[in-house]
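Keep in mind that this is a model prediction, so the values were computed, not measured. Reckoned from all heavy atoms, side chains included, excluding hydrogens, waters and symmetry mates. Numbered from 1 within each chain, the chains take letters A, B, ... in sequence-line order.
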Amino acid sequence: LSSHKAIDEELFERLEELLIQADVGVDTTLRLVDDVKDEVRTKGITDSSLVRPILQTKIHEILTTHSSVFELPKTSPAVILVVGVNGAGKTTTIGKLAHRFKSEGHKVILGAGDTFRAAAIEQLEIWAERVGVDIVKHQPGADPAAVAYDAIQAGRARQCDVVIIDTAGRLQTKTNLMRELEKIGRVVEREVGEEGAEVLLVVDATTGQNALSQAKLFSEAVDVSGLVLAKLDGTAKGGIIIAIAAELELPVKFIGIGEAYEDLRDFDADEFAAALFD
Amino acid sequence: NLAEKLQRTLGKLRGRGKLTEQDVKEALREVRLALLEADVNYKVVSEFTARVRERAVGQEVMASLTPAHQVIKIVYEELAELMGGSRSKLELASRPPTIVMLAGLQGAGKTTSSAKLANLLRKQGHRPLLVAADVYRPAAIKQLQVLGDQLQIPVFSLGDQISPVDIAKAAVEHAHRHANDVVLLDTAGRLHVDEELMAELRAIDEAVSPHQILLVVDAMTGQDAVNVANSFNESLDIDGIILTKLDGDARGGAALSIKAVTGKPIKFAATSEKLDGLEPFYPERMASRILG
Ligand SMILES: Nc1nc2c(ncn2[C@@H]2O[C@H](COP(=O)(O)OP(=O)(O)OP(=O)(O)O)[C@@H](O)[C@H]2O)c(=O)[nH]1
Ligand SMILES: Nc1nc2c(ncn2[C@@H]2O[C@H](COP(=O)(O)OP(=O)(O)OP(=O)(O)O)[C@@H](O)[C@H]2O)c(=O)[nH]1
Ligand SMILES: [Mg+2]
Ligand SMILES: [Mg+2]
């Protein structure tokens with residue numbers, strides 16, 4: 001882009017290519033590039049080096065419509081429910097969140113709400129042990145809503161102020177599994193109220209347009225309050241979160257940049273927008 | 001959908017002479033959008049639409065079809081042909097054991113696919129051995145052991161303190177001693193840009209010379225599928241791909257991108273979380289799915 005001297009159709013095509021290759025998707029890309037064209041026209045801009053900053057600003061605006069700062073609910077305990085499709089990075093993200101809140105002085109307890117997948121409970125148990133927090137679990141095949149309920153009760157009994165609940169991966173088109181998730185969400189809401197829970201949808205940064213459908217359908221089942229964009233340490237740009245922000249106004253709260261429990265960062269819209277051009 | 005959009009652009013007259021340059025240009029604009037929305041890689045879409053343009057312009061529109069349907073027919077055939085190929089089954093070694101290594105990004109579905117593949121092979125009369133070569137992910141070994149127990153298929157493990165290369169070597173020896181004719185190596189998920197871990201895969205390859213190296217790819221992968229497949233292929237010269245989570249509604253354009261860029265066949269489609277959820281890959285079905 002920097003070598004392109006004139007503001008012409010070719011420049012805008014290159015912008016489209018960049019955004020589409022970043023998984024921003026066709027609709028959002030065309031909308032963004034049209035907005036940039038409008039601004040260039042109305043402001044009479046002729047310097048092509050000004051185009052990229054204009055685009056970055058528009059992306060930043062979309063991404064910051066809602067706050068990307070994660071607010072721990074003021075209830076005691078605060079509950080974080082972690083949801084998403086299979087293999088997205090939920091269980092690992094919970095390890096990271098547990099470490100983050102513990103190191104900020106909170107007392108954290110985990111709920112092993114994936115009672116379905118092979119060794120899911122053992123996987124979360126290892127994270128609990130590594131981070132140094134308690135975990136509530138039932139036997140495999142147990143009702144995940146019951147695990148969620150027990151984790152919140154145990155959290156209260158042990159004076160924990162943060163309860164993080166893991167759930168089984170599920171494809172958003174599986175209505176029976178989404179109904180199961182609704183039930184878990186209702187149990188949580190009944191226990192700590194709407195204001196007492198944050199629901200984080202974990203999205204794999206390598207995911208393409210399907211992430212938009214994931215965000216829509218998961219939001220219909222539970223009150224998704226934010227996204228975690230995991231695996232951003234790969235080469236995928238995760239641009240789909242721009243489309244998700246534009247269409248559903250869901251903010252990204254955290255990014256995952258590795259497999260260790262320190263590999264969690266607060267979402268930074270400026271850094272993200274700039275990284276699209278790397 | 002694409003058919004309706006093309007009907008609107010190209011009109012409803014059937015058998016209307018030859019497809020003009022303009023007809024094809026209009027149609028390809030819609031095809032291009034459909035493919036991009038299906039996550040096909042941007043560059044692959046350009047190359048693909050160029051091929052279709054060559055084939056389509058001047059073609060006689062068949063009496064029973066509208067120009068729109070004619071173009072779709074060409075696109076569908078080109079897609080199916082591109083993704084097809086005869087090497088789409090698992091080729092076994094002339095002398096057992098056949099060694100199969102599964103590799104890919106984190107969370108793609110390798111461990112589950114290894115178990116599914118073992119299940120399939122056992123139903124075909126083989127004696128598979130599953131190998132727990134992921135020593136990094138918490139409870140990865142346990143995960144494979146639980147799946148092996150469910151299937152009553154043996155899982156070879158040396159715990160998580162031994163290197164995956166040594167585990168692979170020991171597993172092959174074990175297979176020889178116990179008459180297992182297929183060895184399935186489940187490896188840890190890794191980034192294609194993680195030099196150390198990619199070197200580890202090459203070291204396993206070097207040590208036991210797998211007859212089949214299968215790249216496991218999530219069907220919902222976006223534009224980055226090309227980078228991932230290219231890197232794994234350049235590093236290991238993969239034999240084929242397993243495309244997973246096709247029971248979702250991702251259009252799966254990554255399948256076209258990967259085949260177009262590496263030339264390697266997609267051998268299996270994983271279509272459920274259950275252990276019987278692995279089928280041969282059908283390129284025509286995938287073509288319709290991608291076109292939406
Ligand atoms: N490189 C990288 N790998 C990650 C990241 N987050 C998770 N992973 C890896 O992705 C894989 C899947 O992570 P899990 O935490 O098991 O994902 P999940 O969503 O709980 O999976 P299911 O419970 O099976 O649906 C593991 O190998 C993790 O180590 C990340 O930010 N970067
Ligand atoms: N619905 C569905 N889920 C699948 C399919 N294949 C795998 N999964 C699920 O996807 C998640 C990840 O599968 P794994 O087999 O653990 O993936 P992996 O590649 O071994 O993960 P790492 O070892 O962490 O890299 C699990 O929840 C699986 O049950 C599939 O075809 N359909
Ligand atoms: Mg999990
Ligand atoms: Mg695995």
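In this structure, chain B has heavy atoms under 4.5 Å from both the backbone and the side chain of A:T207. Using a 4.5 Å cut-off between heavy atoms, A:Q172 touches chain B through its side chain atoms alone. Neither the backbone nor the side chain of B:R251 comes within contact range of chain A; no heavy atom of the residue lies under 4.5 Å from a heavy atom of that chain. When heavy atoms are compared at a cutoff of 4.5 Å, A:E259 approaches chain B solely by way of its side chain, counted from C-beta outward. Of the atoms belonging to B:N227, it is side-chain heavy atoms, and not backbone ones, that fall under 4.5 Å from chain A. Within the 4.5 angstrom heavy-atom criterion, no atom of B:D149 approaches chain A. Interface residue A:K174: only side-chain heavy atoms are found under 4.5 Å from chain B. Only the side chain of A:T173 comes within contact range of chain B, with at least one heavy atom under 4.5 Å from a heavy atom of that chain.
At a threshold of 4.5 Å between non-hydrogen side-chain atoms, the residues B:K142 and A:Q123 do not count as touching. For the pair B:M220 and A:L171, the minimum side-chain heavy-atom distance is below 4.5 Å. For the pair B:P138 and A:R130, the minimum side-chain heavy-atom distance is below 4.5 Å.
Taken from CG in A:L30 to CG in B:L33, the straight-line distance is 7.5 Å, to the nearest 0.5 Å. Rounded to the nearest 0.5 angstrom, B:Q223 CD and A:T235 OG1 are separated by 11.5 Å. The structure places CG of B:L191 at 9.5 Å from NZ of A:K231, a figure rounded to the nearest 0.5 Å. Atom CG in A:D23 sits 14.0 Å away from atom OH in B:Y42 (nearest 0.5 Å). B:L36 CG to A:E16 CD: the interatomic distance, rounded to the nearest 0.5 Å, is 10.0 Å. Rounding to the nearest 0.5 Å gives a distance of 8.0 Å between CG of A:D204 and CG of B:L105.
The choice from A:Q21, A:E125, A:E122 that makes the most heavy-atom pairs within less than 4.5 Å of chain B is A:Q21. With chain A as partner, the option from B:Q143, B:H192, B:K43 having the largest number of non-hydrogen pairs under 4.5 angstrom is B:Q143. Contact tally against chain A (heavy-atom pairs below 4.5 Å) for B:D249, B:T221, B:V146: the top residue is B:D249.
Minimum heavy-atom separation, B:A139 to A:A119: O-CB, 3.8 Å.
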